[in-house]
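Below is one structure; the comments refer to it alone.
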There are 2 protein chains.
Amino acid sequence: MTIKDIARLAGVTHSTVSRSLNDSPLVATATKERIKKIAQDTGYSPNSFARRLVTRRSNTLGVFFLSRGELNFMENFGTEFLDGIATASSSNGYDLLFFTMTRELSQKKSYIGLCREKHVEGVIFIGMTSDDPQLEEIASSDIPVCIIDFQLEGVGFVSTDNEKGTRLALDYLWSKGHRKIAYIGGPTVAPVAMIRERCYQNYMVEKGLGPFLEIFRGDFTTKSGYAQTLDLLRSEKLPSAIMAANDYMALGSVKALKEKGLRVPQDMSVVGYDNVLAGEYADPGLTTVGQDSTEIGLSAVRYLFDKIQNKKPPLTRLINPCLVLRDSVSSVHNKDVP
Amino acid sequence: MTIKDIARLAGVTHSTVSRSLNDSPLVATATKERIKKIAQDTGYSPNSFARRLVTRRSNTLGVFFLSRGELNFMENFGTEFLDGIATASSSNGYDLLFFTMTRELSQKKSYIGLCREKHVEGVIFIGMTSDDPQLEEIASSDIPVCIIDFQLEGVGFVSTDNEKGTRLALDYLWSKGHRKIAYIGGPTVAPVAMIRERCYQNYMVEKGLGPFLEIFRGDFTTKSGYAQTLDLLRSEKLPSAIMAANDYMALGSVKALKEKGLRVPQDMSVVGYDNVLAGEYADPGLTTVGQDSTEIGLSAVRYLFDKIQNKKPPLTRLINPCLVLRDSVSSVHNKDVP
DNA sequence: AATACTATTGCACACGTGTGCAATGGGACA
DNA sequence: TGTCCCATTGCACACGTGTGCAATAGTATT
């Protein structure tokens with residue numbers, strides 16, 4: 001079923017049919033309606049390849065997704081990003097072409113070259129790593145690019161607002177009466193770790209207290225969270241709550257506290273960051289800060305659409321995080337009431 | 001840069017160029033080489049839309065992925081499926097079109113209709129649910145379909161070999177000297193749960209013992225694993241190992257054992273099933289049975305390719321599972337040596 | 001040497017859709 | 001009533017690639 005078939009049925013030429021289906025003002029309203037009716041009834045759907053050939057527009061976005069085989073820390077976020085991306089593009093009539101990035105591919109074929117070959121109008125990278133050899137090529141790409149959770153000079157960037165997230169958790173602790181809040185930070189080489197840590201410091205200073213104890217630092221692993229917490233417990237003054245820069249360290253912290261005979265949350269509250277799956281099944285369920293991964297995906301697509309339409313969208317978008325309430329935090333006055 | 005441009009450069013017609021690049025035997029080897037050289041040097045890549053228009057083949061597979069918004073139990077497997085699928089299709093020169101399935105979409109647009117519209121040659125479903133209203137339409141689809149982890153009359157089906165997996169875990173326990181192996185099964189309404197449970201029974205009978213204790217049954221949640229284990233510990237005879245039908249129940253089991261003062265694995269070994277993320281960060285690390293998710297993805301694609309080429313591939317493929325060794329199992333003779 | 005056969009190339013059309021330009025017809029205005 | 005203008009439609013070409021058939025040239029066969 002092509003527009004020619006419809007043309008025959010309607011007694012017009014394929015030009016008129018084409019114009020009708022594209023809502024051209026050049027065609028009489030009556031004929032337009034008649035033709036649309038026929039298209040509807042016959043279940044016509046346009047041949048996208050023919051259309052793309054002549055319009056020179058593909059209506060397609062590309063997604064490059066880091067392969068699971070490579071070391072990555074995406075947890076389950078990846079599918080949520082994809083969810084948002086797919087929803088946003090399909091609701092705008094765009095197709096989504098999916099690729100995986102492996103170390104092998106990164107050295108063999110050009111991502112941007114692939115995009116050009118597939119006539120992709122815009123591309124999103126998920127799980128980009130700083131050792132990827134194609135970073136410069138991506139930065140100088142003439143087709144619109146947006147990278148999730150990875151900042152690269154001059155290209156679109158969408159991520160969570162880490163500052164707002166940390167503040168969200170601290171506000172929550174504060175509202176529960178906590179004042180003695182200790183912090184276990186991440187490694188200094190990780191940009192997000194430093195952002196979150198700085199925010200903690202500012203927050204405590206704003207409240208007129210300053211950081212409780214010096215800042216302990218782990219390396220984002222459960223083991224390091226465990227070790228740092230044991231260190232922390234050796235201090236002369238004890239906090240009423242511990243915030244960790246990510247969930248895995250928070251879980252390690254809980255483990256250390258339990259081993260030392262402290263109950264969570266009755267004796268000590270703990271909050272993490274990231275909303276990792278393990279935190280949901282942990283005991284107690286870990287209160288944490290989660291990112292709105294679907295919204296991040298949506299935003300990435302919106303950026304690309306703006307870019308495609310030659311609007312000048314801001315390069316970076318920070319998405320509002322959300323507090324995930326579970327059972328690892330209690331009010332401070334409950335502390336002595338078991 | 002089109003074949004016409006190359007034709008001009010080579011002093012031939014576009015027909016010869018087309019034939020050369022497609023390795024037609026109709027063209028002289030010398031010209032063929034010369035033309036290929038030019039194509040190489042100019043960085044020519046064919047316009048896939050034009051090609052698809054005329055060949056009436058899209059070289060494209062589709063993937064429908066259950067949206068995270070809908071209740072699903074895919075954990076992190078989803079991205080590994082995708083990984084395998086993308087790898088297999090791209091290495092065969094196929095593109096991959098990505099869609100998400102939401103409840104809304106399932107009632108508004110036809111999946112198969114979408115596939116037809118996009119000229120997809122084969123389609124894979126990930127996360128299909130039994131309440132999807134389009135199951136019959138999928139079953140009677142004329143375009144090749146393969147569903148992962150969901151069996152539907154007459155359509156391709158790829159999944160893990162649950163029988164082999166259970167046997168793998170039991171063999172491991174057996175090799176560690178365990179003979180008193182208790183089992184916590186899943187809900188009777190879950191097909192995989194029944195397969196795994198039956199296999200446990202057969203195994204124990206084969207070994208001349210029969211099941212140790214009656215079979216306890218949970219509902220796949222951590223809570224139920226916890227409760228069933230407490231029940232189990234009230235028996236007059238105690239096992240040396242517990243196998244659970246999935247990881248979440250196994251984690252619940254560990255929790256119950258710890259609370260009762262039993263050390264895992266010194267006093268009691270525990271194995272799970274599924275290789276869920278939480279098991280990796282649990283304490284002790286959970287020994288379990290994992291599926292080779294990437295291989296499942298690869299197999300799904302292979303099935304589609306066979307189907308597309310009119311071979312008659314078997315409808316169902318069961319992929320070999322693998323044992324994931326961590327720290328929740330010890331040898332039985334260590335039991336009394338702390 | 002004439003003929004037949006084969007290897008190689010070009011011509012022309014097809015795939016389905018979009019669009020500039022010409023053609024047609026009808027209505028309004030003088 | 002004649003002219004002009006505008007609304008509507010058709011004609012023809014383009015997009016880039018593939019392929020059946022004809023044409024040509026070169027080689028082998030008799």
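Letters go in sequence order (proteins before strands), and every chain restarts at 1. Note: hydrogens, waters and symmetry copies are ignored here, and every other heavy atom, side chains too, is used.
The residue Arg52(B) sits apart from the nucleic acid: no heavy atom pair falls under 4.0 Å. Counting any heavy atom pair closer than 4.0 Å across all strands shown, Val17(B) reaches no nucleic acid atom. Heavy atoms of Ser24(A) sit nowhere under 4.0 angstrom from any nucleic acid atom. Ser18(A) comes within contact range of at least one nucleobase, with a heavy-atom separation under 4.0 Å.
Under the 30°/60° scheme for interplanar angles, the aromatic rings of Phe49(B) and Phe49(A) are found to lie parallel. Using cut-offs of 30° and 60° for the angle between ring planes, the Tyr111(B) and Phe64(B) rings count as tilted.
The side chain of Thr55(B) lies closest to dG18(D), out of dG18(D), dG16(D), dT9(D). Comparing dG18(D), dT19(C), dC15(D) by their nearest atom to the side chain of Arg19(A) picks out dT19(C). Taking only side-chain atoms of Leu53(B), from C-beta outward, the nucleotide of dC15(C), dC11(C), dT17(C) with the closest atom is dC15(C).
Mapping Arg51(B) and Leu26(B) onto DNA chain D by nearest heavy atom places Arg51(B) at the nucleotide closer to the 5' end.
No close placement of the Phe81(A) and Phe65(A) rings is indicated, their centers lying 6.0 Å or farther apart.
Taking 3.5 Å as the limit, the base of dG18(D) and the side chain of His14(B) contain a donor-acceptor pair of atoms between them. Judged by distance alone, with hydrogens and angles left aside, Ser15(B) brings a side-chain donor or acceptor within reach of the base of dC11(C), the pair sitting under 3.5 Å.
Atom CG of Asn59(B) is separated from atom P of dT17(D) by 15 Å (rounded to the nearest Å).
The number of heavy-atom neighbours closer than 6.0 Å to CD of Gln107(B), taken from other residues, nucleotides and ligands shown, is above 12.
Taking only side-chain nitrogens and oxygens, Tyr44(B) comes nearer than 4.0 Å to OP1 or OP2 of dT17(D).
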